[in-house]
*Asks:* 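Dropping the structure in here first, questions after.
Start at 1 and go down the list; that is how both ligands and their atoms are numbered. Everything numeric here is computed off the predicted structure, so don't read it as measured data. Any value given below was found using the heavy atoms of this structure, including those in side chains, with hydrogens, waters and symmetry copies removed.
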Amino acid sequence: MRLINGLVAKTLPVVPKPLVRRVSSRYIAGESIDDALRVARALNQQGCMVTLDVLGEHVTKREEADQALRNYLQALETIAREKVDSNISIKLTQFGLKLDFDFCLGNVRRLVQRAIELGNFVRIDMEDTTCTADTLRFYEMLRQEFSNVGVVVQAYLRRTLADTRQLMQNGAPANFRLCKGIYIEPRELAFRDPELVRRNFTLVLGEMLRHNAYVGIATHDERLVWDALHLVDELQLPKSAYEFQMLLGVDEQLRDIILANGHRLRIYVPFGKHWYAYSVRRLKENPEIAGHVLKNMFRA
Ligand code: FDA
């Protein structure tokens with residue numbers, strides 16, 4: 001089955017778009033802010049916090065970055081007006097990072113400024129390694145000015161432990177999301193062995209928690225959830241010092257177990273017009289989902 005799943009993942013680009021949409025509808029709220037709102041409300045009712053992601057990345061024109069800013073400003077206003085328990089997650093390449101650093105900084109600064117006025121928070125997702133240094137620099141600059149901004153670091157990167165230590169040296173406690181990392185990176189830069197990625201995740205998480213950083217522990221890997229709970233217990237941390245984070249539609253059983261034990265948990269809810277690129281990335285990443293595509297193909 002693994003071989004077939006892998007094959008399906010590779011051939012995904014030729015799978016009909018409506019089929020990809022059907023399979024990925026579980027992982028994406030929909031195209032509009034109303035779709036996102038509906039899903040966020042339902043999650044809030046189940047006891048989950050939310051982070052909204054307006055899908056899109058690697059814009060090539062300034063107008064596209066401006067549009068991203070408008071979309072996110074609208075998301076912030078909607079969250080405030082509708083009193084939804086949600087913050088936002090952004091990708092810097094959607095705000096023009098690859099076009100012009102200062103242009104991008106100006107856009108994101110406006111967003112973070114509006115977020116702070118509305119009592120909200122902005123998480124900067126981490127993209128591939130061509131963006132790592134700039135993203136961390138960006139975070140350093142913004143946190144000197146704002147308290148409502150956090151960044152993601154990836155446990156599969158060899159540099160992450162050093163980066164994390166560096167970020168925790170200066171100023172107010174840092175605010176991280178820690179995840180394994182989703183992009184395909186060269187071996188010089190990223191651990192390939194899944195067990196090493198896990199060990200690094202736990203090592204980095206321990207460093208963060210011991211240094212009073214706030215951490216969004218973003219994983220569906222139950223072994224890592226166990227490690228995290230062990231660390232939290234050992235360090236006797238209050239539940240307000242961390243939160244678990246999961247993707248929409250993934251391992252809802254684990255989500256319920258974490259919630260039932262009284263921990264805070266946030267669901268990453270992607271929505272927007274650029275759902276196709278996101279779906280293909282998710283489906284390629286996880287051959288098990290690709291298997292669902294196969295099953296659906298036969299059912300279709
Ligand atoms: P692993 O991949 O081992 O998954 C554990 C189990 O969970 C699998 O066996 C599978 O059953 C299930 N599972 C995992 N992912 C699934 C999926 N997509 N669909 C269905 N089942 C799935 N990455 C990044 O590079 N930059 C970022 O900014 C972010 N942001 C982010 C936010 C949040 C809230 C989460 C949860 C994840 C991210 N990621 C990310 C993605 C992350 O790097 C990683 O690729 C995935 O979370 C999968 O890694 P796990 O730790 O879940 O382990």
*Asks:* Is the backbone of K180 close enough, under 3.5 Å, to the side chain of R198 for a donor and an acceptor to pair up by distance?
*Replies:* no

*Asks:* Which option wins on minimum heavy-atom distance to atom 39 (N) of ligand 1: G181, P270, C179?
*Replies:* C179

*Asks:* Out of curiosity, I267 CD1 to Q245 CD, how far, rounded to the nearest 0.5 Å?
*Replies:* 9.0 Å

*Asks:* Near I182, which atoms of ligand 1 are under 4.0 Å from a heavy atom of that residue?
*Replies:* 23 (N), 24 (C), 25 (O), 43 (O), 45 (O)

*Asks:* Kindly confirm or rule out an N or O of M126 lying under 3.5 angstrom from an N or O of ligand 1.
*Replies:* yes

*Asks:* Using a 4.0 Å cutoff against the non-hydrogen atoms of Y268, which atoms of ligand 1 qualify?
*Replies:* 32 (C), 34 (C)

*Asks:* When rounded to the nearest 0.5 angstrom, what distance separates CG in N148 from CD1 in I116?
*Replies:* 4.0 Å

*Asks:* Go through ligand 1 atom by atom and flag the ones less than 4.0 Å from a non-hydrogen atom of D125.
*Replies:* 28 (O)

*Asks:* Show which atoms of ligand 1 fall inside a sub-4.0 Å distance from at least one heavy-atom site of Y183.
*Replies:* 25 (O)

*Asks:* Any N or O on Y27 sitting closer than 3.5 Å to an N or O of ligand 1?
*Replies:* no

*Asks:* Do ligand 1 and Y156 have nitrogen or oxygen atoms that lie under 3.5 Å from each other?
*Replies:* no

*Asks:* How many angstroms lie between OG1 in T129 and CD in Q154, if you round to the nearest 0.5 Å?
*Replies:* 8.5 Å

*Asks:* Tell me the contacting part of R266 for ligand 1: side chain, backbone, both, or neither, using a 4.0 Å heavy-atom threshold, strictly below.
*Replies:* neither

*Asks:* Q245 heavy atoms, cut-off 4.0 Å: which ligand 1 atoms fall inside?
*Replies:* 34 (C), 36 (C)

*Asks:* From the options E127, Q154, E185, select the one whose nearest heavy atom is closest to atom 25 (O) of ligand 1.
*Replies:* Q154

*Asks:* Any idea which of R123, H220, E243 brings a heavy atom closest to atom 5 (C) of ligand 1?
*Replies:* H220

*Asks:* Is the closest basic N to carboxylate O distance between E207 and R210 below 4.0 Å?
*Replies:* no

*Asks:* Could you tell me, atom by atom, which parts of ligand 1 come under 4.0 Å of a heavy atom of V152?
*Replies:* 27 (C), 28 (O)

*Asks:* Compute the centroid of each ring, for F101 and then for F138, and state whether the two points are separated by less than 6.0 Å.
*Replies:* yes

